[in-house]
Protein chains: 2
Amino acid sequence: MRIPIQVSAESAEPMYHQIEVQLRSLILSGHLPEGTLLPSIREFAQELGCSIITIRRVYQDLEGEGLLRTRQGTGTFVASVGVTEREQYRADAVIEGFRAAIETAKRVHCSREETIQIFEQCLAKWMPPEQAQPENGGKQE
Amino acid sequence: MRIPIQVSAESAEPMYHQIEVQLRSLILSGHLPEGTLLPSIREFAQELGCSIITIRRVYQDLEGEGLLRTRQGTGTFVASVGVTEREQYRADAVIEGFRAAIETAKRVHCSREETIQIFEQCLAKWMPPEQAQPENGGKQE
DNA sequence: TATACTGTTAATATAAATATACACAGTATG
DNA sequence: CATACTGTGTATATTTATATTAACAGTATA
């Protein structure tokens with residue numbers, strides 16, 4: 001099974017993290033159905049131009065999140081997580097993001113109303129309604 | 001001028017960061033008016049039980065954010081930033097938090113409506129309306 | 001100018017994050 | 001069982017983040 005992942009050795013972002021983010025996204029989006037056999041750590045490492053330890057770390061991390069299952073001698077598979085668990089994991093990731101953002105807002109003494117207003121502006125900028133999905137709304141990024 | 005800051009050497013959070021967060025908060029909240037002379041790096045270091053380099057780093061970082069002014073031989077002062085700039089800085093910090101949270105939401109393929117719903121739940125949990133401000137709303141933290 | 005303060009710079013130590021090579025162990029299959 | 005695959009564990013190298021000391025330079029003032 002060929003996994004469409006792109007990594008850049010020049011990026012400041014660690015390779016293991018680049019791979020994790022993309023592979024997690026492929027699993028959560030359903031592009032890699034439950035039970036899919038992933039490439040072996042050696043095969044994947046050669047394809048991406050990194051060490052097998054780096055791939056192993058990715059597989060270990062995602063297994064810790066319940067997204068993968070590994071069996072020594074056999075291989076690594078997309079875990080058969082129920083829809084409920086998957087949805088819960090997705091929600092948890094987003095909740096943690098908002099928790100941090102709200103903590104920042106409290107730190108700089110934003111009022112509740114001000115916080116809501118800023119959120120709405122950010123949402124309009126980075127997650128606009130579907131009917132309007134231009135390449136770049138004309139504003140600075 | 002005595003600056004009320006508490007640091008814990010046991011915390012996993014780096015000391016320079018603990019100090020930065022608290023000092024930034026004191027400035028942005030107005031507890032330290034513009035022009036206030038801060039303790040010298042040696043005096044502050046002794047009071048907090050760290051090296052002068054650590055205090056220097058804090059002063060440098062906050063100066064980079066436009067919150068402090070330093071003059072060699074004289075001391076370090078709370079910068080005379082205009083209300084507009086200060087408000088802009090506050091907003092930028094919160095915007096960056098929400099940008100990261102929304103990026104996460106997009107990564108796990110949250111819809112716009114789902115993202116809004118999660119935000120509202122988080123807001124209710126960590127920044128409840130003023131009329132209801134219990135010690136801990138009865139839920140897990 | 002002498003002194004006593006102020007911040008500054010360079011060199012360095014320590015710990016944590018990131019990435020690796022190599023030897024080891026489990027599994028499937030002839 | 002022999003082979004060729006699979007993941008695993010140990011020891012280690014490299015880089016970055018964090019923190020420090022000691023010598024240096026600017027400023028105010030008697």
Side-chain angles (χ1 to χ4, degrees), chain A residues 1-3 5-24 27 32 35-79, chain B residues 1-3 5-24 27 32 35-79:
Chain A
M1 175 95 191
R2 165 116 178 81
I3 309 296
I5 283 188
Q6 295 291 333
V7 294
S8 153
E10 285 72 28
S11 169
E13 188 184 5
M15 293 194 64
Y16 85 93
H17 196 256
Q18 295 183 45
I19 301 170
E20 269 190 24
V21 167
Q22 295 181 50
L23 187 52
R24 187 187 295 112
I27 296 171
L32 294 178
T36 300
L37 173 61
L38 294 182
S40 76
I41 56 178
R42 285 165 240 269
E43 187 184 344
F44 214 169
Q46 182 172 5
E47 182 182 333
L48 298 181
C50 65
S51 142
I52 66 169
I53 311 296
T54 300
I55 301 298
R56 170 152 160 64
R57 173 169 183 176
V58 171
Y59 282 2
Q60 261 187 321
D61 289 350
L62 295 184
E63 185 177 19
E65 297 176 5
L67 297 178
L68 295 181
R69 297 277 166 160
T70 65
R71 270 199 314 175
Q72 187 173 354
T74 305
T76 301
F77 304 83
V78 175
Chain B
M1 174 99 190
R2 165 119 177 77
I3 310 295
I5 283 187
Q6 296 289 332
V7 294
S8 154
E10 285 72 27
S11 168
E13 187 185 3
M15 294 193 64
Y16 85 92
H17 195 256
Q18 295 183 45
I19 302 170
E20 270 190 23
V21 167
Q22 295 181 50
L23 188 51
R24 187 186 295 111
I27 296 171
L32 294 178
T36 300
L37 173 62
L38 294 181
S40 77
I41 56 178
R42 286 165 240 269
E43 187 183 344
F44 215 169
Q46 183 173 3
E47 182 182 333
L48 297 182
C50 64
S51 143
I52 65 169
I53 310 294
T54 301
I55 302 298
R56 168 148 163 68
R57 174 170 183 174
V58 172
Y59 282 2
Q60 261 187 320
D61 289 350
L62 294 184
E63 186 177 19
E65 297 177 5
L67 298 177
L68 296 179
R69 297 276 166 160
T70 65
R71 270 200 313 175
Q72 187 172 356
T74 304
T76 300
F77 305 83
V78 176

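A, B, ... follow the sequence lines: proteins, then strands. Residue 1 opens every chain.
We find that CD1 of B/Ile52 is positioned 11 Å from C1' of D/dA23, with the value rounded to whole Å. Look at CD on B/Gln18: it is 13 Å from C1' on D/dT18, rounded to the nearest Å. Rounded to whole Å, the distance from CD1 on A/Ile55 to P on C/dA21 is 13 Å. Nucleotide D/dT6 holds its P atom 11 Å from the CZ atom of A/Phe77, rounded to whole Å. In this entry the distance linking CD of B/Glu13 with P of D/dA17 reads 17 Å, nearest Å. In this structure, the OH atom of B/Tyr59 is 19 Å from the C1' atom of C/dT9, given to the nearest Å. For the pair B/Ile19 CD1 and D/dT20 C1', the computed distance is 14 Å after rounding to whole Å.
A/Glu47 CD: more than 12 foreign heavy atoms inside a 6.0 Å radius.
Side-chain N/O atoms of B/Thr74 include none lying less than 4.0 angstrom from OP1 or OP2 on C/dC5. The shortest distance between the side-chain N/O atoms of B/Thr54 and the OP1/OP2 oxygens of D/dT18 is not below 4.0 Å.
For the pair B/Leu37 and B/Thr76, the tightest heavy-atom approach, listed with the atom from each and the gap, is CD1-O, 3.5 Å. Annotation for B/Leu32 and B/Leu38: closest pair CD1-CD2, 4.1 Å, computed over non-hydrogen atoms. Taking all atoms of both residues into account, the shortest heavy-atom contact from B/Pro39 to B/Tyr59 is O-OH, 2.8 Å.
Residues meeting the side chain to side chain donor-acceptor pair (under 3.5 Å) test with A/Glu13, sequence neighbours left out: A/His17. Residues passing the side chain to side chain donor-acceptor pair (under 3.5 Å) test with B/Gln60: none are found, sequence neighbours excluded. Here B/Ile53 pairs with B/Ser51 under the side chain to side chain contact (heavy atoms under 4.5 Å, CB included) rule; sequence neighbours left out. Residues passing the side chain to side chain donor-acceptor pair (under 3.5 Å) test with B/Glu63, sequence neighbours excluded: B/Thr70. Residues satisfying the side chain to side chain contact (heavy atoms under 4.5 Å, CB included) test with B/Arg57, not counting sequence neighbours, are B/Tyr16, B/Asp61. Evaluation of the side chain to side chain donor-acceptor pair (under 3.5 Å) rule for B/Ser40 yields no partner, not counting sequence neighbours. Residues meeting the side chain to side chain contact (heavy atoms under 4.5 Å, CB included) test with A/Glu65, sequence neighbours left out: A/Arg24, A/Leu62, A/Leu67, A/Tyr89. In terms of the side chain to side chain contact (heavy atoms under 4.5 Å, CB included) criterion, residue partners of A/Ile52 (sequence neighbours excluded) are, by chain and number, A/Ile41, A/Arg42, A/Ala45.
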Show your reasoning for whether side chain to side chain contact (heavy atoms under 4.5 Å, CB included) applies to A/Leu68 and A/Ile27. CA-CA 9 Å; A/Leu68 295 181; A/Ile27 296 171; 3.7 Å; yes
Working note: A/Phe44 + A/Val58, criterion side chain to side chain contact (heavy atoms under 4.5 Å, CB included); need CA distance, chi angles, decisive distance, verdict. CA-CA 11 Å; A/Phe44 214 169; A/Val58 171; over 6 Å; no
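Of the residues in residues 36-50 of chain B, B/Cys50 come within less than 4.0 Å of DNA chain D through at least one heavy atom, sorted by number. DNA chain C lies under 4.0 Å from at least one heavy atom of each of the following residues of residues 63-72 of chain B: B/Thr70, B/Arg71, B/Gln72.
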Between the protein and nucleotides 10-18 of chain C, which nitrogen or oxygen pairs come in under 3.5 angstrom?
{"residue": "C/dT18", "atom": "OP2", "partner": "A/Tyr16", "partner atom": "OH", "Å": "2.7"}

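Rotation axes derived from the C1' atoms of the five outermost pairs at either end of the helix from C/dT1-D/dA30 to C/dG30-D/dC1 lie 0° apart, to the nearest 10°.
For A/Ser51, the side-chain atoms get nearest to C/dA21 when compared with the rest of D/dT20, C/dA21, C/dT8.
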